[in-house]
Each structure stands twice: as C-alpha cells, then as structure tokens.
Amino acid sequence: MKEDVITLLDDARIRPTSTRILIYQYIAQQSDTFSLRDIEDALLSVDKSTIFRTLILFEEHHLIHSIEDGSGAMKYCFCRNAADCDSDVYHCHFYCERCKKTYCLDESAVANIALPAGFVMHHINYIVKGVCNKCSQ
Ligand SMILES: [Zn+2]
Ligand SMILES: [Zn+2]
Ligand SMILES: [Zn+2]
C-alpha cells in the first residue's frame, strides 16, 4: 500500500516525503469532500502549514479537486480519475444546508457549458444545495 502511494506520487512528479504519503493515504480513503480542518484533526502529528502546502501541491498535480461550497471553507475531494479529468467528467457536488456536509455526486457529470469565443475555462465549480438523504428523513 505504502509502495503504491510512492509510485503514484512519483508518477505525478511529487517527491514522496513521509508526510505527503500520510496525507495522501488519508484523502484517498475519503468518499466525499474534506476540508483542511478535517485533515488537521485526523493527522494531529503533522504541521498545519505543511498540510496546507501539500493540498495546494496535490491540487496543482490534479490529485484532488477543490470545491467552493459557499460554507466559507474550501473543500477538496480526491480525484478518482487518476489525475486525468476533462472538464466533461468533473462531477457535481451537493451541499447539505442542514449537516453542512458536501457530497461528491460521482454519477452526475458537470453539464457542458458553451463559452463565448475567447473565453478559456480553468475550473468549473458546480454545486447543488439542499438537504441530503440522511437529513431529509
Ligand atoms: Zn480529477
Ligand atoms: Zn445533511
Ligand atoms: Zn467530489
């Protein structure tokens, strides 16, 4: 498992330090989004600024996606397409206004938005807000 992560980070051209491996192992286990705070709480031994820098690095190398869900804290989710997502396979997210959790809607790809000539998309942030299946019962 640890060897797999080292290979994976190497492939993404990220030097596999022990901290990065630890953080990667944590985020790879998350089925939905997580925040910086979630990782800080889970990995108490790791310096907070290191976690933050690692998240930025992982995002630059497309190991994770960042999502602004309107909660004020940036959320992230693990890229399950081996760092190879086109904009048309980016998935949508669902923000539950009751439990404040942001879910990955892996089944629903982001709708293709036709941009006017000369506009270049770098990022798409598609968020649905409402009440999740646990809170709606
Ligand atoms: Zn991706
Ligand atoms: Zn909820
Ligand atoms: Zn997601």
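Atoms within each ligand, like the ligands themselves, are counted from 1 in listed order.
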Can you confirm whether L63 sits close enough to C79 that some side-chain heavy atom of one is under 4.5 Å from a side-chain heavy atom of the other? no
Do D41 and F34 come close enough that some side-chain heavy atom pair is under 4.5 Å? no
Within the 2.8 Å cut-off the protein N, O or S neighbours of the Zn ion (ligand 3) are C77 SG, H91 NE2, H93 NE2, C104 SG
Minimum-distance pair of heavy atoms, taken over all atoms of C132 and F94: N-CE2, 3.9 Å
Checking the side chain of T33 only, and the main-chain atoms of T102 only, is there a donor and an acceptor separated by less than 3.5 Å? yes
Under the salt bridge (charged side-chain N to carboxylate O under 4.0 Å, His left out) test, which residues partner R53, sequence neighbours left out? none
Just the protein N/O/S atoms under 2.8 Å from the Zn ion (ligand 2), please, no waters. C96 SG, C99 SG, C132 SG, C135 SG
Does atom CD of Q30 have more than 12 heavy-atom neighbours, drawn from other residues, nucleotides or ligands, at distances under 6.0 Å? yes
So, for F78 and Y24, is the gap between ring centers shorter than 6.0 Å? yes
How is the hydrophobic cluster of I127 composed, in terms of its other members, when Ile, Leu, Val, Met, Phe, Trp and Tyr link through side-chain heavy atoms under 4.5 Å apart, directly or indirectly? I67, Y95
What about H91 and H65, are their ring centers closer than 6.0 Å? yes
